[in-house]
Visitor: 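Right, I'll just put the structure down here and ask away after.
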Amino acid sequence: MKPETGKASGIEAAIITDGDMRVSVLNYGAITLGWWYKDVPLILGFEDPNEYLTDTRYLGAIVGRVANRISGATFDLDGTSFELNANEGKNTLHGGDDGLSKQFWELEQIAQNEVLLSYVSHDGEGGFPGNIRFEVRIRLQGSRLVYSITAQPDRPTPISITQHNYYTLCAAEGVDEHKLKLASNWYLEIDDQGIPSGRVLPINGNGLDFSTPNTIGSASEGIDHFFCFDHDRDPNAPVAEITSPSGLALTVYSDQPGAQVYSGYELTKPRRGSRGVCIEPSGYPNAPNISSFPSIIYTPENPYRQELILEVSEE
């Protein structure tokens, strides 16, 4: 089935449905434009697809080749230094200006409830080595929205993808009163540019403690930190849970070692809803430059895989 052509030149959209769930996906940035449960919007998004062409907040996008930050826009691999696109000061953020979120993907609707997006990133794109074929399969399964992501490189190269929805759970006024729970007792220490130092710190009730449900607004300075998921957790257990005052809840399952959590406190441009919270499962940020972090180097023999499951429920 061929996706419908959107309003913006070159942008195509596909809609998948299953029961009370509906999702709209764009070929640009593999962006999830909208997600509705019983016609209630669950994520932030623009009504006009053209808006995504200039969006700087990665709303709904698939982000990479390497999500989050790489210090100094450089890293060494097998004795070779690679200079990347510096798009946040002297650092690289979310793959740089030519990252996956800024590319047009092939979009195929393969079923009423499923789409497949694919993109080939060529050697040197954004400064990264190797050719990589990326595929993102997005499907609805009852109360679940599932993202299955694969990346096949032709040489060793860093890969760390994240999905960048801003969740609102129908709250037009923002998410400060939503409760958040994370399967984490640790977070990464960062400098004033958001770059990890390499130290993994205990939460210890310091205002970032969401090991038990706590309101998002309780973090008075906002949340923009990488939380390390507990190593001994049940792999089938959720890594995050968000509950709105209305009783609508979102449960997040991920096979990644941690997630950047961003409470959207800097969002100002008009969009569907006012603010959302972003849960960004991925590898550790700046991992190519910090040897103590879990490696994000993948090879032809060891390709990249990730699965993200989002489940909606009502209390």
Side-chain angles (χ1 to χ4, degrees), residues 58 62-101 121 124-130 132 149 151 153 155-164 182-204 206 208 210 223-233 239-240 254-262 278-299 301-306 308:
Y58 305 92
I62 293 294
V63 171
R65 291 185 181 191
V66 175
N68 218 304
R69 294 169 175 86
I70 295 179
S71 63
T74 186
F75 69 92
D76 294 334
L77 178 61
D78 296 334
T80 300
S81 181
F82 293 92
E83 300 293 329
L84 309 177
N85 170 237
N87 64 328
E88 188 185 59
K90 63 181 182 180
N91 306 311
T92 298
L93 174 65
H94 289 333
D97 291 330
D98 294 326
L100 299 179
S101 61
S121 178
E125 191 169 88
F128 291 96
I132 306 176
I149 304 169
R155 60 178 286 187
T157 190
I159 304 173
S160 179
I161 309 303
T162 197
Q163 204 287 326
H164 213 279
L182 299 171
S184 174
N185 289 287
W186 305 85
Y187 73 104
L188 299 185
E189 180 184 64
I190 55 175
D191 64 18
D192 59 2
Q193 299 178 63
I195 301 295
S197 67
R199 296 180 66 198
V200 181
L201 303 179
I203 290 168
N204 285 344
N206 63 356
L208 295 174
F210 295 95
I223 310 168
D224 195 6
H225 295 78
F226 190 90
F227 292 82
C228 309
F229 297 141
D230 297 334
H231 296 303
D232 59 352
R233 66 182 178 86
V239 297
S254 172
D255 53 11
Q256 297 301 288
Q260 188 80 12
V261 179
Y262 173 50
C278 201
I279 311 289
E280 310 167 39
S282 72
Y284 283 28
N286 202 30
N289 291 316
I290 301 178
S291 60
S292 61
F293 283 178
S295 175
I296 60 168
I297 304 302
Y298 291 87
T299 67
E301 299 77 25
N302 179 36
Y304 177 90
R305 299 182 185 279
Q306 181 190 155
L308 171 65

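For this chain, numbers begin at 1 and follow the sequence in order. This structure is a prediction, so every number in the text was calculated from the model and none was measured.
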Visitor: How about S81 and D76: does a side-chain donor come under 3.5 Å of a side-chain acceptor?
Guide: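 Short answer, yes.
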Visitor: I'd like to know if the side chain of H94 reaches the main chain of N68, judged simply by a donor and an acceptor atom lying under 3.5 Å from each other, with no hydrogens or angles considered.
Guide: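 Confirmed, H94 side chain pairs with N68 backbone.
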Visitor: Rounded at 0.5 Å granularity, tell me how far CD1 in I159 sits from CZ in F128.
Guide: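 I159 atom CD1 to F128 atom CZ measures 10.0 Å (nearest 0.5 Å).
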Visitor: Any donor-acceptor pair under 3.5 Å linking the side chain of T92 with the backbone of N85?
Guide: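 Judged by distance alone, yes, a pair lies under 3.5 Å.
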Visitor: Please verify the inter-ring angle class for Y58 with H164; under 30° counts as parallel, over 60° as perpendicular, anything in between as tilted.
Guide: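 Correct class here is tilted.
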Visitor: Indicate the atoms forming the closest heavy-atom contact of N289 with T74, along with that distance.
Guide: ND2-O, 3.0 Å
Visitor: Would you find a donor on one side and an acceptor on the other, under 3.5 Å apart, between the side chain of S295 and the backbone of I297?
Guide: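 It does hold such a pair.
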Visitor: Taking C-beta and beyond as the side chain, do D255 and Q306 meet within less than 4.5 Å on heavy atoms?
Guide: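 Counting from C-beta outward, D255 and Q306 do come under 4.5 Å.
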Visitor: Is there a donor-acceptor contact under 3.5 Å from the side chain of N91 to the main chain of G72?
Guide: yes
Visitor: With rounding to the nearest 0.5 Å, note down the distance linking SG in C278 to CG in D224.
Guide: 9.5 Å
Visitor: Do the non-hydrogen side-chain atoms of I132 and Y298 ever get within less than 4.5 Å of each other?
Guide: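 A side-chain contact is absent here, since even the closest heavy-atom pair is not under 4.5 Å.
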Visitor: Describe, in one word, how the ring planes of F293 and Y284 are oriented to each other, choosing from parallel (under 30°), tilted (30 to 60°) and perpendicular (over 60°).
Guide: perpendicular
Visitor: Specify the closest pair of heavy atoms between L208 and F227, including all atoms of both residues, with the distance to one decimal.
Guide: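 Heavy atoms only, the tightest pair is O-CE2, 3.3 Å.
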Visitor: How close do L77 and F75 get, heavy atom to heavy atom, and via which atoms?
Guide: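 Closest heavy-atom pair between L77 and F75: CB-CE1, 3.9 Å.
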Visitor: Could you verify whether a donor N or O on one side chain and an acceptor N or O on the other, from Y262 and Q260, lie under 3.5 Å apart?
Guide: no
Visitor: May I ask you to decide if I296's main-chain N or O and S160's side chain share a donor-acceptor pair within less than 3.5 Å?
Guide: no
Visitor: Within the supplied structure, the quantity of interest is the number of heavy atoms (other residues, nucleotides, ligands) at a distance under 6.0 Å from R233 CZ; does it exceed 12?
Guide: yes
Visitor: Check T157 against P129 and note the closest heavy-atom contact, atom names and distance.
Guide: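 Nearest heavy atoms, T157 then P129: OG1-O, 2.8 Å.
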Visitor: What heavy-atom pair brings I161 and S282 nearest, and what distance separates the two atoms?
Guide: O-CB, 3.7 Å
Visitor: The criterion is salt bridge (charged side-chain N to carboxylate O under 4.0 Å, His left out); which residues satisfy it with R199, sequence neighbours excluded?
Guide: E189
Visitor: Looking at T162 and P281, would you say the former's side chain and the latter's main chain have a donor-acceptor pair under 3.5 Å?
Guide: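 It does hold such a pair.
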Visitor: Does F210 have any ring-ring contact (aromatic ring centres under 6.0 Å, His included) partners at least two apart in sequence or in another chain, and if so, which?
Guide: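 F210 satisfies ring-ring contact (aromatic ring centres under 6.0 Å, His included) with no residue once adjacent residues are dropped.
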Visitor: Taking S71's backbone N and O only, do any of them form a donor-acceptor pair with N286's side chain (distance below 3.5 Å, no angle check)?
Guide: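 Looks like yes, one N/O pair under 3.5 Å.
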Visitor: Should Q193 and K90 be marked as a side-chain contact (heavy atoms from CB on, under 4.5 Å) after you check the CA-CA gap, both sets of side-chain angles, and the distance that decides it?
Guide: CA-CA 10 Å; Q193 299 178 63; K90 63 181 182 180; 3.9 Å; yes
Visitor: Minimum heavy-atom separation for C228 to L188, with atom names?
Guide: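 Looks like SG-CD2, 3.6 Å.
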Visitor: Can R305 and I149 be said to form a side-chain contact (heavy atoms from CB on, under 4.5 Å), step by step?
Guide: CA-CA 6 Å; R305 299 182 185 279; I149 304 169; over 6 Å; no
Visitor: Is the backbone N or O of N185 less than 3.5 Å from a side-chain atom of D230, with the two atoms forming a donor-acceptor pair by type?
Guide: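 A pair under 3.5 Å: yes.
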